[in-house]
Number of protein chains: 2
Amino acid sequence: MATLKDIGAELGLSPATVSRALNGFPEVNSETRERVREAADRLGYRPNRVAQRLVTGRSGMVGMILRMRPDMREDPTLFDMLTGLSAALSLRDVDLVLAVDQETDPVAAYERMLSRSLVDGFILAAPEPDDPRIAYLQAHDLPFVVHGRHAFQADYPFYDIDNRKLARDSVALLTSLGHRRIGFVNGEAELTYAQDRLREFRVAMAAAGAPVEDSLISHGRLTESHGYASALAMLSRPEGLRPTAILCSGTMLAKGVYRAAHDLAIAIPQALSVVAHDDIWPGLEADRFDPPLTTTAKSMRAACDPLADLLIQRIAGAAPAGLRHIEEADFFLRESTGPAPPREGDARR
Amino acid sequence: MATLKDIGAELGLSPATVSRALNGFPEVNSETRERVREAADRLGYRPNRVAQRLVTGRSGMVGMILRMRPDMREDPTLFDMLTGLSAALSLRDVDLVLAVDQETDPVAAYERMLSRSLVDGFILAAPEPDDPRIAYLQAHDLPFVVHGRHAFQADYPFYDIDNRKLARDSVALLTSLGHRRIGFVNGEAELTYAQDRLREFRVAMAAAGAPVEDSLISHGRLTESHGYASALAMLSRPEGLRPTAILCSGTMLAKGVYRAAHDLAIAIPQALSVVAHDDIWPGLEADRFDPPLTTTAKSMRAACDPLADLLIQRIAGAAPAGLRHIEEADFFLRESTGPAPPREGDARR
DNA sequence: CTGAAAGCGCTTACAG
DNA sequence: CTGAAAGCGCTTACAG
């Protein structure tokens, strides 16, 4: 492998000048620069990254540590994110180092990777409120970006979708169709996005003058079984107490809701409207529902380029506070939503 | 961060001695070694891997390049493998660098990672016959291990399950139950494991005196839809030409076969026996089938430790030829297999 | 058993 | 505009 010294020898230049020419330093004579470039090409020169790293302190690698969960395999979004991020980083000449966290101490895996790989920064996903990983990285002044934030007002770089807006939009759609008793099958209560959506759900319901019943709100993983169990409980209530619409925080949940409605012979959208947020491949999944599912949607994929850019800026020295990217979800009106069914309650109104 | 120099200064030793003490060189005075260890601990010393790499030429990282396929997300095995490998490598103090390959030239991604990351070696999955990636890595004398081999007699390090044996065992079970017309829904025809299984399928069928009909053999991706389509075609044949048993190369395929049998009102196992190979979580999936699915099984997870060990040995300089690990699949007899149904053909025999 | 020295391949003040 | 020198933090012949 050719080195800077080799190129210098070839051209009668010092390695220092070759380095400057190749790295675009302005003071280099443009003719010299051309000769250097030509020779570098000819000799197939590739900078030795390790040597560069030793002197610059940068590694050109970023780490991502996955927390192992038994039901990870059911969740395709994580995989999308991994491949999407890897591709986005590749384009920017950065490598992704992957590790899995299997220990009780969530910070240990970060310490280990840091001591081993000299990654320049990290990408975190699924933060929790008071996330110890974030506290650790901030305390050590290590660059990182977060997919989703762990607080509405986050003071670190993050990418997030506008969770409040999508909750607001969904509720607005349903209330405008006349629904007043609306169930909400949400994600895990500890996660920020779920809290944000719930909060705005309450605000939007109040704005529409619709009551919120705690028994029509459920939290859990974004799985079909949680959707099914939640919907079954809500829909088994006596006629008149039963929701006429259900909002779901994920399409898998909606799948469970559909199944529960089917089992109870409740027709969608005639007797039950369903809206969900779709973070997988907008449309692809939802279109296959019968009837096609109305969604707010933004794919995981959309996060990858912004995340890569934010992290690279942060590593380059940008202050963490300003680095944020909030993406609005799109609305896809399909056939799972319709006017609220007439019932006694309405007559009384 | 403490360096060797710092420890040396602390103890009145040269960095060279500190290095030797920490790296277990035998000539170091054992008392000196103890003092060095104590000081290293106390100062929280962590070797700077980048510096080590610059001089040793080793990076302590290995790469894995995933080929993007549209239906990757449906396939949980890849994710299992990624997390399993990452964990296995972590235990051995090696990091996994991940990239995705989105280009037409399958070798380009390897060249790029090599020029950027100085990984010590690679892990390949799903090799094809005459795989250009393998040719490239061999030509450049780069260490790698392969999950599955691209030729029965491979001259590089690999982990594989014994595909011939599992085909042989499956056929033996079915023929011993009296089945003679056996369908085979296999993986993609280009892949070596599929070829190995098919080859042994033919051998085992011949050994049992059962005819092999080409129209009862189908190749494709390990998806439910391929299983369904294949089984539908086989089972729609007139009574007497229809298979009484189907062997599947994956549990997703078997799921499709079950669905086709259900749609055609063909009872399992009374009218149709089904056996599949299960490479996910042996048992977990198959047990949920109705009736529970008879399988040969070995999880992807089982491959991870052997793959990590083989690669590390190869990087350390072991000759490639001897490095192999062939794992036999286990047999799980469940309720999807039963005696062949009596029919005219049998009466005539 | 330990130290001084050279070197891995680069970058970057400091001179000129 | 270019070069000589120092240095990033380690390892490892070579001396002693």
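Order of the sequence lines fixes the chain letters, A, B, ..., with proteins taken first and strands second; residue numbering starts at 1 for each chain. Just so it is clear, the values below take in all heavy atoms, side chains as well, and ignore hydrogens, waters and symmetry mates.
- The phosphate of dT2(D) (OP1 or OP2) has no side-chain N or O of T17(A) nearer than 4.0 angstrom.
- Rounding to whole angstrom units, CG of residue N23(B) and C1' of dT2(C) are separated by 16 Å.
- Within the model, atoms CE of M64(B) and CZ of F144(B) stand 14.0 Å from one another, a figure rounded to the nearest 0.5 Å.
- Going from atom CD of E34(B) over to atom P of dC1(C) covers 15 Å, rounded to whole Å.
- Taking atom CG on L22(A) and atom P on dC10(C), their separation rounds to 9 Å, with Å as the unit.
- Ion pairing of E128(B) with R133(B) is absent here, as no side-chain N (NZ or NE/NH1/NH2) approaches a carboxylate O to less than 4.0 Å.
- Salt-bridge annotation for R92(B) and D305(B): present, with a side-chain N of the basic residue lying under 4.0 Å from a carboxylate O of the acidic one.
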With side chain to side chain donor-acceptor pair (under 3.5 Å) as the criterion, how do S14(A) and T17(A) come out once you've worked through the C-alpha distance, each side chain's angles and the decisive distance to 0.1 Å? CA-CA 5 Å; S14(A) 73; T17(A) 302; 3.2 Å; yes

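- Between the side chain of N23(B) and the backbone N or O of R20(B) there is no donor-acceptor pair closer than 3.5 Å.
- Phosphate proximity of dC8(C) to N48(A): absent, as no side-chain N or O sits under 4.0 Å from OP1 or OP2.
- When rounded to the nearest whole Å, the span between CZ of F25(A) and P of dA13(C) equals 8 Å.
- At the phosphate of dT11(D), OP1 or OP2 sits under 4.0 Å from a side-chain N or O atom of Q52(B).
- Contacts of G12(B) with the nucleic acid, taken as non-hydrogen atoms under 4.0 Å apart, involve only primed sugar atoms and P, OP1 or OP2.
- Regarding R46(B), its CZ atom lies at a distance of 17 Å from the C1' atom of dC10(D), rounded to whole Å.
- The side chain of S19(A) places an N or O atom within less than 4.0 Å of a non-bridging phosphate oxygen (OP1 or OP2) of dT11(C).
- Within 6.0 Å of CZ in R46(B) there are 12 or fewer heavy atoms belonging to other residues, nucleotides or ligands.
- Comparing dC10(D), dC10(C), dA4(C) by their closest approach to the side chain of L4(A) singles out dC10(C).
- Of the candidate nucleotides dC14(D), dC14(C), dT11(C), dC14(D) has the atom nearest to the side chain of R20(B).
- For the pair L54(B) CG and dC10(C) P, the interatomic distance rounds to 9 Å; values are reported in whole Å.
- Closest to the side chain of A51(A), from the set dT11(D), dC8(D), dC10(C), is dC10(C).
- Scanning DNA chain D for stems, defined as runs of 3 or more consecutive Watson-Crick or G-U wobble pairs whose donor-acceptor distances all fall under 3.5 Å, gives the following ranges: C:1-3 with D:14-16, C:5-12 with D:5-12, C:14-16 with D:1-3.
- Using a 4.0 Å cut-off between charged side-chain N and carboxylate O, R37(B) and E34(B) make a salt bridge.
- With rounding to whole Å, E27(B) atom CD is found 13 Å from dC14(D) atom C1'.
- Remark: P of dG3(C) and CG of L11(B) are 10 Å apart, rounded to the nearest angstrom.
- Comparing atom distances between the N29(B) side chain and each of dT2(C), dC8(C), dG3(D) picks out dT2(C) as nearest.
- At least one side-chain heavy atom of I134(B) sits under 4.5 Å from a side-chain heavy atom of Y156(B).
- Distances from the side chain of S14(B) to the nucleotides dG3(C), dG3(D), dT2(C) place dG3(C) closest.
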